[in-house]
Every structure is written in C-alpha cells, then in structure tokens.
Amino acid sequence: MSGVVGAWLPPADDEQLLQQLAPMLRALQQRGRGRIGYWTDAEAGLALGHCRAPTDMPLQPLSSSCGRYVLCLDGRIYNRAALQSQLRDLPRSCTDARLLLQAIVEWGVQRALSRIEGAFAFSVWDRHAHELWLARDPVGERPLYYGWYQGQFLFASELKALQAFAGFAPSIDQDALSLLLRHDYVPAPHTIYRGIHKLVAGAMLRVDLKDHAAGGSTQATQGGHRYWCARDAMQSALQEPLQPAPSLEQATDQLEVVLQQAIAARMHSPVACGAFLSGGTDSSLVVAMMQAQSALPVEAWTVGFDDPGHDESDWASQVARHLGVHHHLHRMDSRQGLDLLQRLPQVWCEPFADASQLPTLLASELLGARKPVALTGDGGDELFFGHPSYGRALRNARLCGGLPDWVRDLARRGSSRLNVERGRLGGWRALVAEVAANDVEGHYLQRVTRWRQPTQVVLGAREPATIFQQQDTALPAEARIQLLDFRMDLAEGILAKVDRAGMAAGVETRSPLLDMEVVRLAWRLPQHLKYHDGEHKRILKHLLSRYLPAPLVYRPKRGFGPPMARWLAGPLRDWAEALLDPQLLRNQGCFDAVRVRAIWEAFLRGERKWHTHLWNVLMFQAWYQHWHGNRGR
C-alpha cells in the first residue's frame with residue numbers, strides 16, 4: 001500500500017519546497033503507514049512525495065539511471081514477466097516501480113502505458129522536457145486527484161492531501177454535489193471542489209512549464225487524455241467473438257484458466273493475503289480459487305448484521321466450511337455503526353454515500369490486523385451481467401420504445417415540471433420519468449438514480465452531463481448498460497469504496513476479476529453465456545459449481561448493506577437530526593433546507609423508504625462538518 005503526492009510551485013529552495021509538501025505527505029501517511037520519501041527540484045519549483053508500508057524496498061520517488069525521469073508509483077504491475085522479457089538488464093527481483101521506470105526510459109510514457117497491466121496511479125517528471133505526467137490504471141482501482149489552485153499545481157492519491165496544503169480553500173462545487181445526490185458518489189473528472197479534478201480511469205495527463213507559467217492548462221480541466229478506452233476495447237472485443245462459438249463448458253474452461261492466472265499474480269504469498277467473503281458468487285469464486293492454489297487454509301473475513309433481512313453471513317459460513325478456509329465472522333450492530341460513522345469523513349475525504357462503506361471499513365480493519373493484502377470479488381456483476389437492474393432497464397426500454405411518440409413527448413414535458421422526490425404520488429411520477437427516457441441509457445439511469453431531480457434540492461446547481469447522456473447505437477443495448485456500470489459505478493463507486501476502506505486499515509485490495517485478460521474474455525463471450533432465461537452471471541456460477549455444491553451457488557442475489565432504514569429511525573436518529581438541523585442547513589447554503597426537512601420528516605412518519613435519499617445528504621453533511629465546520633460554502 002502506498003500513495004503519491006506532489007506540488008508544482010513558484011521556484012524556491014529545496015527546504016521551502018519541502019516545507020510546503022510536508023503537510024500533504026503527513027495527511028496521506030495512512031496509505032503508507034509511516035514510511036515516506038520526497039524529491040525536490042528547486043529550479044523548476046517541483047516537489048514530489050511518496051509514502052509506503054515499511055518494507056526493504058527502496059524508497060520513492062525513484063530516479064532513472066540516466067537521470068531523466070523521476071517516478072512515484074502507487075499500486076502494482078501484474079504483467080511483470082512479459083515486461084521483463086522485453087526490457088534489458090533488469091534483475092528479476094526488481095521492484096514494480098523500477099520495472100515501470102525502465103519501461104518509461106525505453107519506450108516513453110505513452111508507449112509504456114500501452115504495455116503495462118496493473119492497478120496503479122503514478123506521477124513521472126521528465127527533467128529534460130520539463131513535463132509532469134500523471135496516469136491512472138484502466139479500470140480505476142487506484143485514485144488520483146489534481147488541480148490548479150492559485151497558480152499552483154497540486155496532485156495526490158487522496159483529496160485529504162490537497163486539503164492539507166497551506167491556504168487550500170476552494171469553494172464547494174454545487175454542480176458536483178447534484179451528481180453525488182443522484183449517484184451516491186462524485187464521478188470523475190469532477191470532485192466536490194470547484195477547480196479540482198479526478199483523473200478518469202485509463203487516462204494520462206501531461207503538464208509542462210508553459211502551462212505552469214500560465215497558471216493552468218485546458219487539458220488539466222478535462223480529466224486527462226485516455227490511453228485506454230473501455231468503450232473502444234469493448235467494441236473491439238465484440239467484433240472478435242470467440243471462434244468457433246464455445247459451449248458453456250468450453251468457455252468455462254477458458255475462464256477458469258485466465259482467472260487462475262489473475263489470482264496467482266495477485267496472491268504472491270498466501271501467508272500475506274486474505275480475502276473478503278460475502279457468500280455471493282463473485283467473492284466465493286475468488287476464495288475458492290485462492291484455496292485451490294494454496295497448501296495452507298486461506299483466511300477470509302465476513303461482516304454480517306444484526307438484522308436477518310440484511311445478513312448473509314450464514315451463507316458465507318457454509319461456503320467457508322465447504323472450501324476449508326479459515327473463516328473470520330463478525331456481526332455488526334448499530335452501536336458499531338455509530339462508532340464508525342464518526343470516522344467516515346476522514347476515510348472518504350470526498351463525500352461518498354454507499355451505505356455498504358460501513359461494513360467494508362469494518363471488514364478491512366478486521367482483516368488488516370492480520371493481513372496486508374486482500375483479494376475481492378469486485379467486477380463480476382459489471383462484466384458478467386450480474387445486476388437484475390440490467391434486465392429491467394432493457395425490458396422498460398423495449399416497452400416504452402413501442403409507445404406512440406405523442407405519449408413519450410407528453411411524458412418528457414410533464415417530467416421536467418414534476419417534483420418526483422415529494423408526495424404520495426412519487427411512484428406515479430417515477431413512472432412518468434421512466435416513460436420520458438429516450439434510450440436504454442436513460443432507462444438504466446432511472447434504475448440507479450437516488451434523487452431523480454437533484455437540482456431541486458441543491459441550491460444553484462446545474463447537473464453536469466455524464467456518460468448516461470451519451471447514446472451509443474453502435475453497441476448492443478445489453479453491452480451499453482454494462483459499459484455504463486463498468487465506467488461509472490464500478491470505477492467511481494465500488495472501487496473507491498474498497499480502496500479508501502482498505503488503505504485506512506492498512507490493507508491493499510486487489511481485484512482478480514478485473515484483470516485485463518478476464519475483461520477481454522468477458523467482453524468476447526456470447527451474451528447467452530452471461531445471461532440466459534433469467535439467470536445472471538451464468539458462466540461464473542457454472543465455474544463456481546466446480547468448487548461448491550449447487551445449493552450454495554444457485555440462490556437469490558442479495559446486496560451487501562446494513563439495515564439503514566431501521567438504524568436511521570432508531571439508534572442513529574439523533575446523529576441524523578443534528579446534521580439535518582434546519583438552521584445548520586440554511587447557514588451552509590448548500591441544500592434547500594425546506595425540501596430536505598420534508599424528506600426527513602416524511603421518513604420519520606414512515607410514509608416512504610427515504611433512507612437511500614437521506615444517506616447521501618447525511619454523508620455530505622458529515623463530511624462538510626468535519627472539513628469545513630460551520631462556515632458557509
């Protein structure tokens with residue numbers, strides 16, 4: 001586990017540069033558990049920093065032997081063998097950072113990015129060209145924030161490092177806040193701060209001294225330039241399906257091989273590697289295949305809940321017993337939830353509102369007390385058509401597409417005037433919004449939206465467009481839905497959740513289902529091997545049935561989340577009431593206090609299940625109070 005940080009400042013001596021970098025490094029130290037390194041270039045005004053867990057590996061930033069490049073790497077490279085066979089004079093024991101640096105020396109940054117595979121974010125300073133490069137892995141397993149602030153360019157693995165920079169006080173981006181209310185997260189390239197950005201997955205960013213002298217660059221406001229495009233990769237895979245068309249058994253054989261290789265590349269030593277086990281298809285498959293490669297019992301961690309309607313821990317226990325893994329089970333109650341709530345704004349230093357962040361953080365802390373690495377099952381749903389909402393969106397798109405044009409036009413005009421967040425007619429109004437959707441992207445957006453009209457509650461907001469508004473008729477409808485989830489909820493939601501929770505607990509998370517070979521194979525598979533006769537993730541379940549009996553494989557899907565409605569109405573009510581105080585809301589000036597209070601009071605009366613809407617408001621409020629206190633936006 002590690003983190004990167006940097007500041008491009010007006011030229012100063014090395015000591016002055018380090019003084020400005022030091023608070024940023026300290027803020028990021030939880031990603032590295034205390035071991036830090038730094039490098040400065042007084043003439044250029046550049047300071048780079050790196051933190052990592054204590055090991056015998058050399059400290060970063062790392063300079064190339066030719067003296068041209070200086071690298072900071074957060075993450076791992078998984079295709080080491082292929083790279084080492086192409087690079088000269090590198091010992092097989094060299095670090096991932098040294099391997100990447102040599103690839104950049106020989107091929108340049110852009111060609112190196114086209115050849116490496118892994119979970120990473122990095123910065124590299126080209127001393128000859130006076131260019132700074134930033135890059136993020138194709139899927140988005142590791143984060144990278146950046147932006148110009150008062151003529152200074154700052155970047156870091158987490159937003160808290162920028163927040164620690166002296167004088168850093170940007171305004172809240174109300175437009176981005178509307179995205180939080182819709183999606184439960186702020187998607188890249190946006191952040192909660194105006195003028196600060198996240199590098200999008202699969203993108204690189206170049207900043208040179210001319211940009212620095214001008215106080216910013218156009219490119220630095222657009223999320224960077226993609227060196228790997230999920231949409232293009234998916235289209236290429238669809239145009240090259242497996243030939244001849246495989247049977248279910250044949251395709252499962254191929255998937256088993258590539259997934260075995262992906263897990264082996266991420267395990268290294270089973271002694272140092274644990275796993276999260278929910279009992280669902282994806283995590284059970286990863287744990288089963290880890291155990292198949294280990295002579296010792298794999299250790300797996302499960303968090304359940306004190307509510308039978310939300311607890312899957314019994315399923316996880318049955319999976320663990322059958323596989324012979326060493327199972328750690330913990331059931332979480334509302335008291336522990338309240339304790340963890342106080343830490344969420346520090347762990348997720350940007351507002352984040354997936355309620356499963358609570359058990360994920362607890363599971364990470366339990367695992368982190370024994371293991372530094374955890375394998376996860378993330379990616380299975382997005383690659384293998386796992387979400388029931390996919391099928392519902394396709395069905396609704398077909399049904400609504402057959403309606404007369406005048407009906408859909410009427411719905412569109414009516415939808416823009418309706419407040420679908422209020423009143424007992426919410427279900428009817430949601431139906432109007434469904435009919436008004438233009439395409440399958442619009443219908444899927446209805447399935448995954450929290451606040452359907454967030455600008456009605458976020459003061460002064462204009463909701464930015466996202467890829468949900470980018471209709472792509474060149475791809476089949478089912479592929480378009482999966483691509484939306486791959487680029488949005490997976491990259492900006494799920495992976496952000498596990499990265500921040502893991503790093504806060506001293507755990508590096510790794511996702512073998514997101515290995516590029518697994519991704520390519522999933523996109524080349526015929527659709528009927530992923531979804532057939534109502535069965536989601538068909539091929540994954542068929543593979544899992546080679547390791548587990550059918551009753552543990554073929555069972556209903558259930559989400560991983562706490563009983564938030566019951567907790568908010570009961571033990572968390574005082575905490576929520578304080579954050580939703582009308583005067584506090586008015587003083588902050590971010591939300592329409594009347595509308596928010598109406599939703600809260602309706603929830604307390606039991607009129608509708610508003611807890612999903614309230615949670616992202618509460619997460620913003622908790623974050624705001626932690627980082628900004630009572631001052632207005």
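No hydrogens, no waters, no symmetry mates; every other heavy atom, side chains included, goes into these values.
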* Should the ring pair Tyr146 and His197 be called parallel, tilted or perpendicular, given that the plane angle runs from 0 to 90° and is split at 30 and 60? ->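 It falls in the tilted class, 30° to 60°.
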How about [X] and [Y]: are their ring centres within less than 6.0 Å of each other?
X      : Y      : value
Tyr444 : Tyr390 : yes
Phe385 : Tyr531 : yes
Phe352 : Tyr185 : no
His328 : His326 : yes
Trp523 : Phe384 : no

Return yes if some donor-acceptor pair links the side-chain N/O of [X] with the main-chain N/O of [Y] below 3.5 Å, else return no.
X      : Y      : result
Arg510 : Ala119 : no
Arg524 : Glu240 : yes
Arg31  : Ala504 : no
Arg111 : Glu106 : no
Thr302 : Leu277 : yes
Arg68  : Arg127 : no
Thr281 : Lys541 : no
Arg266 : Leu375 : no
Asp74  : Phe120 : no
Lys160 : Cys349 : no

inquiry  = For a side chain to side chain contact (heavy atoms under 4.5 Å, CB included) check, start with the C-alpha distance between Gln293 and Ile263, then their side-chain angles and the critical distance, and finish with the verdict.
reply    = CA-CA 9 Å; Gln293 297 188 38; Ile263 288 172; 3.9 Å; yes
- Could you walk me through whether Asp314 and Arg321 pass the salt bridge (Lys or Arg N to Asp or Glu O under 4.0 Å) test, one step at a time? CA-CA 11 Å; Asp314 286 344; Arg321 282 196 298 271; over 6 Å; no
- prompt: Do the side chains of Lys530 and His536 get nearer than 4.5 Å, heavy atoms only?
  reply: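 No, their side chains stay 4.5 Å or more apart.
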Notebook entry, point to check: So how far is it from His183 NE2 to Thr466 OG1, rounded to the nearest 0.5 Å?
Noted result: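 Atom-to-atom, His183:NE2 and Thr466:OG1 are 4.5 Å apart.
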**Under the side chain to side chain contact (heavy atoms under 4.5 Å, CB included) test, residues paired with Ala156 that sit two or more places apart** =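 Ala156 satisfies side chain to side chain contact (heavy atoms under 4.5 Å, CB included) with Val5, Ala161, Leu162 only.
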| Among Leu90, Leu73, Leu71, side chain to side chain contact (heavy atoms under 4.5 Å, CB included) partner for Arg98 |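 Filter result, single survivor: Leu90.
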Only one of Asp485, Asp282, Leu513 clears side chain to side chain contact (heavy atoms under 4.5 Å, CB included) with Asp381; which?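 That would be Asp282; it is the only one of Asp485, Asp282, Leu513 passing the side chain to side chain contact (heavy atoms under 4.5 Å, CB included) with Asp381.
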[X] to [Y] - nearest heavy-atom pair and separation:
X      : Y      : value
Gly118 : Asp137 : O-CB, 3.4 Å
Ala292 : Tyr547 : CB-CE2, 4.1 Å
Met204 : Leu199 : C-CD1, 4.4 Å
Ser157 : Gly3   : OG-CA, 3.5 Å

- Task: Any chance you could lay out the salt bridge (Lys or Arg N to Asp or Glu O under 4.0 Å) test for Asp472 and Arg480, step after step, and finish with the verdict?
- Result: CA-CA 7 Å; Asp472 189 349; Arg480 287 153 59 185; over 6 Å; no
Note to self: Counting neighbours of OH on Tyr38 that are heavy atoms of other residues, nucleotides or ligands and sit closer than 6.0 Å, is the number greater than 12?
What the structure shows: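 Counting neighbours around OH of Tyr38, 12 or fewer heavy atoms of other residues, nucleotides or ligands fall under 6.0 Å, so no.
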Discussion item. Test side chain to side chain contact (heavy atoms under 4.5 Å, CB included) on Leu514 and Leu490; report intermediate values, then the result.
Written reply: CA-CA 10 Å; Leu514 295 175; Leu490 176 65; 3.8 Å; yes
